[in-house]
Amino acid sequence: MANQFLEAALKYAKLGWKVFPCIPRQKQPITRHGCKDATDDAEQIRAWWRMHPSANVAVATGEGSGVSVLDIDTKGVNGWETVNAIMTERGEKLPVTIMAGTPTGGAHLFFTAKDHPGCKVGFKPSLDIRGNGGYVLVAPSVHPNGKVYEWTPGFSPWEAKPVAFPEYLMPAARTAPEPQVKGEWNCDSAKSPSTPSITGNDRRDRAIAYLRECEPAVQGGGGHAKLLWAATALVHGFELSDSEAYDLLATVYNPLCDPPWNLSDPADEKDFRRKIGQARTKPPSKARGWLLDDDMPVNVMTDDQVLELISNSKANTPTEPDGLPGIDRDGELAYLSKPVGVIGEICSWVESQADRHQPWLTTACVLSMAGAVLGRRVKAGKTRTNLFTIGVAATSAGKSNPMRQCGRILTEAGCSEMIGGRGATSDSAIEKLLYESPSLFLPWDEIGLLLAGFKQGGQHTGAIVPFLMSIHSASNSDYRGKDRAMEESRLIKQPCLSIFGSTTPGRFTQALDSDELDDGWVARCLIFSVDGVLPPLSNHDDKPIPERIVEWVKFWRSQWDTQRAPVASGDIAAATGRHNEGPEVEPYPIDVPVTAVANRMFSDIDEEFRRRSEEEDMLAGIWGKAQENARKIALIIACGNDTDNPRIDENMADYACRMVRFILADFERFIAPRLNDNAVTCTKQKVVRIIGGYGAKGVKKGDLTRKTQFLSGDQARTVCLRDLIDAGLIFSRKIKVGGNQTCDYYWTPRNYAKWLEQNAK
């Protein structure tokens with residue numbers, strides 16, 4: 001079946017236009033460098049669309065393709081009215097050139113130019129220029145609103161020729177050159193004639209000019225840091241109020257970003273607005289209002305300055321009651337439940353199939369499933385993608401849907417062997433599964449019951465949790481199983497075991513005790529908990545799994561070592577790229593690079609939780625794996641964001657660190673207190689069950705002492721029984737047992753009532 005996106009991309013390439021793929025139904029580039037990766041090479045184009053068959057088609061504008069675009073928008077002011085006013089004023093008619101209608105009611109007009117302009121946003125009301133360094137989506141791409149880009153009949157590139165860009169439809173040229181300083185965090189200072197004082201309008205106009213020259217925030221290219229710097233420039237460099245800064249960032253800077261923040265989405269809007277609060281907290285090492293001084297040099301942000309801004313804003317933001325620094329919990333939860341790239345697309349599709357929507361639990365399950373898909377294929381230094389996640393929610397809250405849909409995805413992609421059973425009878429059983437499939441995904445429903453059963457089931461199931469801890473630590477090395485009488489021990493090189501388990505809050509806290517806060521088991525697990533409110537039932541149509549998702553799984557399951565071990569002479573399988581993925585075969589995974597800023601952010605979260613562990617010994621164990629888990633999440637997101645050249649940058653590090661902070665804050669506030677009391681509570685419940693087992697006759701103290709040897713001494717037993725009596729959970733009285741001797745007897749309330757009834761007759 002023909003692929004319309006691929007065919008269109010090849011047709012544009014034949015015109016000499018440089019094209020590249022964007023995420024389906026989105027404007028975000030799939031390739032790492034976006035429009036800088038654009039090409040007219042047919043083989044590269046075919047390779048892109050084989051991997052991403054539903055990708056939108058983007059054309060890089062400016063000198064590379066030989067066309068620049070006038071983008072007429074209709075949001076707010078109608079750009080057509082602006083164009084008509086210009087035409088009327090000049091007595092001109094709109095030039096006849098290549099033209100496309102946009103799904104929002106606007107248009108793209110394509111022009112040639114001797115010197116192509118740069119990208120300019122809002123140079124006239126609702127008129128933008130896409131020139132050097134920019135791009136536009138073209139037919140048959142699908143807009144995020146679901147509508148399709150279409151060429152205006154008679155004005156497609158095959159029916160019309162682009163004419164020269166009229167000067168009166170471009171921004172006025174600068175009268176004097178401005179200094180340029182190149183750098184990763186470069187924003188050129190906007191200049192205007194010196195005046196004795198800067199009025200409000202002048203200040204705003206100069207801030208607008210500054211933002212138009214600033215480097216835009218690009219996902220995968222330091223986007224969050226660049227937005228933070230733009231906000232810092234406005235509130236400190238131009239001394240604007242928060243509301244003025246938000247208005248300019250939303251209307252001037254955001255449209256330049258790639259992709260823009262969706263400010264109609266509450267999560268995106270809160271994330272966008274939060275940057276202003278972070279910027280306001282502490283100014284950079286510059287004089288206040290430095291951008292109002294014409295003699296100030298151009299600003300260049302180094303990596304250290306970016307980190308200083310981020311760390312200062314976090315350190316000086318007040319802490320909310322739920323332990324999350326300066327953020328709304330619901331807004332943060334909504335943001336974290338929408339990861340970027342293919343991982344986000346999988347989450348979105350899984351949720352579309354849910355009877356009850358649980359995006360937070362879906363995110364947990366998808367991350368673990370994707371971690372198994374990537375297992376043994378990628379690493380970032382010593383970081384691998386094996387994740388243990390647990391979703392905690394009420395009964396019938398929709399916990400099983402993510403597991404079911406992730407299983408469908410793996411099966412559709414031909415990877416059903418990766419899916420383990422819904423439980424385990426022994427550590428040897430899991431080891432055998434992992435030996436047969438060295439990358440394994442275990443979807444465990446009711447994991448709380450399983451964990452409780454593991455500890456109470458004897459030597460075979462009792463060894464499961466220690467085995468899981470051991471295999472978790474072996475992902476970057478070799479694992480050798482138990483020695484067996486009838487066979488050799490199993491050797492598994494770089495095993496990848498990922499788990500998603502679901503449970504209810506009560507079952508989960510009953511399955512754990514306070515000792516497990518210290519032994520490393522809980523620290524290895526990321527616990528995604530949701531509130532007790534039952535989501536409403538939703539009606540939905542069964543949708544097929546998007547082809548892009550299936551292709552992504554197939555790609556990574558077929559991807560093997562790009563840095564192969566030396567190929568032996570005559571080893572045709574290795575020479576042709578076909579590699580045995582046996583458990584004893586040494587994998588050579590792709591080493592995903594991590595930017596310096598991202599590494600510093602991971603180190604910061606480690607230092608943050610190290611300090612907290614010194615302050616609170618009781619919870620130190622759960623914080624020990626914070627950096628490791630953040631790196632795992634970022635690695636998974638990076639491989640979902642760019643399959644060609646994955647890289648962990650500061651945006652992915654920020655997302656991953658925020659997720660780990662959120663999870664640990666939830667655990668600390670809502671789960672840990674119940675765990676701390678859990679051992680005592682379970683002990684008391686066990687004593688009540690023992691007493692109840694004696695029925696109406698009751699149990700005398702000596703028998704109860706023998707049955708409760710798990711209590712540490714007579715004093716602990718006395719305290720436990722006194723607490724149960726005070727709570728009305730048991731009753732006690734002295735009964736004569738012969739002569740003048742008496743003995744204490746104990747009953748549950750119902751059995752005590754029966755005893756009284758029997759002895760009253």
Side-chain angles (χ1 to χ4, degrees), residues 4-5 8 12 17 19 22-29 35 54-61 65 67-90 92-111 117 119-131 134-160 162-163 165-166 168-171 212 216 247 249-265 268-269 272:
Q4 61 171 339
F5 298 100
Y12 297 132
W17 290 5
V19 300
C22 285
I23 290 175
R25 299 174 67 99
Q26 301 292 330
K27 297 181 179 181
Q28 175 191 343
C35 61
S54 301
N56 277 341
V57 183
V59 170
T61 53
S65 296
V67 287
S68 291
V69 174
L70 175 67
D71 184 357
I72 303 174
D73 200 358
T74 57
K75 296 176 184 175
V77 176
N78 190 323
W80 286 112
E81 295 179 0
T82 303
V83 171
N84 289 335
I86 294 172
M87 297 297 104
T88 301
E89 181 182 349
R90 295 188 58 85
E92 302 274 0
K93 291 185 178 181
L94 190 64
V96 177
T97 191
I98 295 173
M99 183 165 64
T102 63
T104 56
H108 287 161
L109 276 62
F110 290 70
F111 296 103
C119 293
K120 298 290 181 181
V121 176
F123 76 95
K124 295 284 187 182
S126 291
L127 297 186
D128 303 335
I129 300 292
R130 303 296 180 191
Y135 65 94
V136 292
L137 295 184
V138 290
S141 297
V142 183
H143 191 273
N145 64 16
K147 296 180 180 180
V148 178
Y149 288 82
E150 296 179 335
W151 293 109
T152 303
F155 296 92
S156 73
W158 303 279
E159 299 171 295
V163 299
F165 212 136
Y168 55 83
L169 289 178
M170 285 198 290
R212 287 175 179 165
D247 177 58
L249 288 172
T251 58
V252 178
Y253 186 72
N254 191 43
L256 293 170
C257 298
D258 179 17
W261 274 258
N262 179 8
L263 299 182
S264 63
D265 184 320
D268 267 16
E269 197 274 341
F272 192 84

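For the pair Pro95/Pro166, a side-chain contact is recorded, criterion being any heavy-atom separation below 4.5 Å from C-beta on. Annotation: side chain of Asp73 is not in contact with side chain of Leu127 (no heavy-atom distance under 4.5 Å). Between Phe111 and Val163, the closest side-chain pair of non-hydrogen atoms falls below 4.5 Å. A 4.5 Å side-chain heavy-atom check between Val57 and Trp17 finds every atom pair outside the cut-off. At least one side-chain heavy atom of Leu109 sits less than 4.5 Å from a side-chain heavy atom of Leu94. You'll find the side chain of Val142 reaches within 4.5 Å of the side chain of Asn56, heavy atoms only. Within the 4.5 Å cutoff, side-chain heavy atoms of Val138 are placed close to those of Trp151. Side-chain atoms of Val96 and Phe155, non-hydrogen and from C-beta on, do get closer than 4.5 Å to each other.
Tyr168 and Lys93 make their closest contact through OH-O, 4.1 Å (heavy atoms, listed as atom of the first residue, atom of the second, distance). Nearest heavy-atom pair, Cys22 versus Ala58, reported as atom, atom and distance to 0.1 Å: SG-CB, 3.8 Å. The shortest heavy-atom contact between Asn145 and Pro103 is ND2-O, 3.5 Å. Closest non-hydrogen pair, Pro140 versus Ala8, comes out as CD-CB, 3.5 Å. Heavy-atom minimum distance, Pro117 versus Ser68: CD-OG, 3.6 Å.
Distance check: Ile72 CD1 to Met99 CE gives 8.0 Å after rounding to the nearest 0.5 Å. How far NZ of Lys27 is from OH of Tyr135: 8.5 Å, rounded to the nearest 0.5 Å. The line from CD1 of Ile98 to CD of Glu159 is 10.0 Å long, rounded to the nearest 0.5 Å. Distance check, rounded to the nearest 0.5 Å: NE2 of His108 to CG of Leu137 gives 7.5 Å. A distance of 10.0 Å separates OG1 of Thr74 from CH2 of Trp80, quoted to the nearest 0.5 Å. A distance of 7.5 Å separates CG of Asp71 from OG1 of Thr104, quoted to the nearest 0.5 Å.
Judged by distance alone, with hydrogens and angles left aside, the side-chain atoms of Thr61 form a donor-acceptor pair with the main-chain N or O of Arg130 at under 3.5 Å. Of the possible donor and acceptor atoms, one in the side chain of Thr97 sits under 3.5 Å from a partner among the backbone N and O of Phe110.
Below 30°, between 30° and 60°, or above 60°: for His143 and Tyr149 the angle between ring planes is between 30° and 60°, a tilted geometry.
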